[in-house]
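None of these values were measured; they are calculated from a predicted model. Just follow the structure's listing: the first ligand is 1, and inside any ligand the first atom is 1.
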Amino acid sequence: MTSIGLVVFGLVSLLALMSLLPPLAGRLRLPYSVLLAVVGVILGLAVTLRPDQAIPSPALHDIFDALASVEISSESFILIFLPTLLFEVALAIDVRRLLDDIAPVLTMAVVAVVICALTVGFTLSMASPVGVIACLLLGSIVATTDPAAVVGIFREVGVPKRLTTLVEGESLLNDAAAIALFALLLPMLLSGGEGSISGTVLRFLISFGGGALAGFVMAWAACMLFPVLNGWPKAEITLTIALAYLSFTLPEHYFHVSGVVSCVVAGLVLGSAGKTRMRPGTFEQMEGVWGQLGFWANSLVFLLAAMFVPRIMEGTSLIEIGFILLVYVATLTARFVTVFALLPLLTHLGLMQRINNRIKTVIVWGGLRGAVSLALALAVIENEAVPANMRDFIATSVTGFVLMTLFINGITLRPLVGFFRLNRLNPVARGVRDRAKLMTLTDVANDLAEIARAEGIDRDIADKTLSSIEARLGVARARSHRGVELMADEMVKVGLTVAAAHEVERCFDLLNERIVDRRIAEMLLREAQHVREAVRGTGRKGYVMAAERGLGFGPAFRFAMWVQRTIRFEKPLAAALADRFEFLMMQRQVLSDLVPFARDRLQPLIGEEAADEIIKLTARRIEAVDQSLLALKLQYPAYAADLQRQYLGRIARQRESAAYQALAANLVVSGEVERELTAELERHWTGLDGRPRLDPELSAIDLVARVPIFRDLDIKRQQAIAHLLTPQLALPESAVVRRGDKGDAMYFIASGAVRVVVEPSVELGSGDFFGELALLTGHPRNADVVALGFCKLLALKARDFQRLLAQDAGLKARIEQVAKERLNLG
Ligand code: CMP
């Protein structure tokens, strides 16, 4: 065979082998990486010993030649495999959760890497002759953890998702941190230890920060491109692959910042922003592609790196074994200190939830090392510039150490989890499980009886099958009644968690059905995810608080108002109002769907009482949304009508298109006919995706004409007055003036109403004015004035007040008259 032929043959033989390993690992109940390491070492032994030479079989010779020819170099590891390994994990991480726990994640990732590198470095340098920098380099190599084993077990035993994110996030960022550190230390080692500590730290930070920025910008650029590629999933997915590799190589090559960090950040950004920017379905397809690529890369790297182990470990001396043990003890100690000393400190500072000691122990023990450590060691071995004794030292220590973590920690991790009883379901989860079983078995029994009757199956056969189900039902029924009522609160929390997740799904549905556009979908999603996180944190209380906060006016809205007020530029405010309008309408839609969901789907699982509570909470949210929506509708009825028209149009379009798709899927119409029908439908509904324009109706002259005391003036006069007045919008329940403040303006109400907080309170409506007393008397404001709903106001500044009154005796008399009455009342 030719040499390329051999490489291809070797690779596909490995793929064939790899396809058998995951099920085998499952059957042996071993972490997959442990099994990979075992197989890799065996293959490595075989390639070194060449047992085939004793057997005269050309095919066998070829297989061994092929295996020997697929040796991985550190360069191919870095350029071919590393971007995929990093990008795939980053893509799958829930960035919101990661950000919520960013303090512990960064501690575990960056601080722990430094602690580990220092501990290993200084411990070893005391015992070995190779010098402190080589030892620190070794420390950085062994500081990366491979989360696969721990995450796999965590998923199986159902520990809280936050812990899984912590461990995943840790390993992702610590790869980046350790590789960045490695990249700094290696040149230092080669230059004989030149360079100051502060210089190194600074370069580390620049490399890290610059990499993060580069990754962010590149991923963002890709996200902007997705709409251009719309409709071509294969092109979109290809772009993500290009992004992974470009974000890895370009920043490193041209800007000398960390490509690893850049690649990780690009993956994180794409994973969080891509879902709403790609075509529906494409994101899932892309996740599938990346999952597959990640599996190949991880397995291949592991196998290929493990194949080196026999050669590296050949002739290991007793002293070297001593070093390996030392590295093992030092890393374990470093990890112990991080987890048991630093994490509690973070909890103490309120930066992270408490985790119990059993879980902490599992995290310490689960710090397995994997492909990245092996490949970094390989990079040192291949580097001719590194002195030979250091190369041997690093190679054997790292390899031996990785094997120890895999074979000792990897194999004992699951028993440890069992020993700590972490694999036991908590009572609430057990309650849900029992009810789920009850619900399902009841449905199955009913269906089965129905099918047996309809299809004329023998009575006694049907009865026999049914009675076995009945027996299981009996057990489930007995169990599901036990103790569940005691945990109504917990059940409400479970129910709310599911409901919140359903809310997130509904937002995606609306986006996929093109009922909402991307921006509004993103707003809805952000809100739904907030609610979901809040439930996870503080249950019912968190839910209520997050829901309330979601209806408030955010900083962007307030900024838009400020822009309108100060420079009379209305566009941002118009956009903010339109966004809010649509957001509220769509949120109403999402929430109204939750009620039947709670009744039909949740109730069987969490019981009637808890489901009722959830329905009540949802109803309260709907009411609050309705109120906010009403406030807007009262002010902008025409826009509300436009939005409703558009909404109905979008529903009609979605129904029609879904119906055609269903017909085509059932082969009632051909694909061609479906395409034609869809094209006609799209033609009919053009213009549905743009947004109707909202006019905030804040033009001074229009508003002046609506205030009775100005209405009868001639147009010239009105224009002069309008010149002095600043139109502004007041938000529902916001205070326009506050008692005790100095008076700087008075206000005319052009539309809407306000409440003057005096005893008893007074409501003022369109045409009324307020805030005149402070200007006339020079005293502080004598009451709070709060907007009821949205109000359009005309503000008259103190200095213009005198001017206007001087020009218009009638107005002056009117204002003074009203002021006198008000003062007398007070
Ligand atoms: P000022 O004191 O500048 O700020 C609070 C405003 O509330 C005040 O001006 C009046 O415009 C208004 N106000 C105070 N008391 C009454 C009242 N009894 N009836 C109506 N408006 C009032």
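- If you number the atoms of ligand 1 from 1 as listed, the ones under 4.0 Å from a heavy atom of Ala774 come out as 1 (P), 2 (O), 3 (O).
- Within the structure, every pair that satisfies the salt bridge (charged side-chain N to carboxylate O under 4.0 Å, His left out) test and touches residues 786-811, not counting sequence neighbours, is listed here: Glu697-Lys792, Asp800-Arg803.
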Subject >> Check against ring pair (Phe, Tyr, Trp, His ring centres under 6.0 Å), Phe748 and Phe710 >> reply: CA-CA 10 Å; Phe748 297 91; Phe710 305 130; 4.9 Å; yes
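- Between Val105 and Gly169, the closest heavy-atom pair is CG1-C, 3.8 Å.
- For atom 5 (C) of ligand 1, the choice among Pro780, Ala783, Ala745 with the nearest heavy atom turns out to be Ala783.
- Identified under the side chain to side chain donor-acceptor pair (under 3.5 Å) test for residues 747-768, with sequence neighbours left out: Gln635-Ser751.
- Salt-bridge annotation for Asp593 and Arg506: present, with a side-chain N of the basic residue lying under 4.0 Å from a carboxylate O of the acidic one.
- Around atom 15 (N) of ligand 1, the closest heavy atom drawn from Asn782, Leu775, Asp768 belongs to Asn782.
- Listed by number with element, the atoms of ligand 1 under 4.0 angstrom from any heavy atom of Glu772 are 9 (O), 10 (C), 11 (O).
- No part of Asp784 comes within 4.0 Å of ligand 1, judged by heavy-atom distances.
- Applying the 4.0 Å criterion to heavy atoms of Phe770 picks out, from ligand 1, the atoms 11 (O).
- Near Val785, the atoms of ligand 1 lying under 4.0 angstrom from a non-hydrogen atom of the residue are 6 (C), 7 (O).
- The residues Arg514 and Glu682 are annotated as salt-bridged, a charged nitrogen and a carboxylate oxygen being separated by less than 4.0 angstrom.
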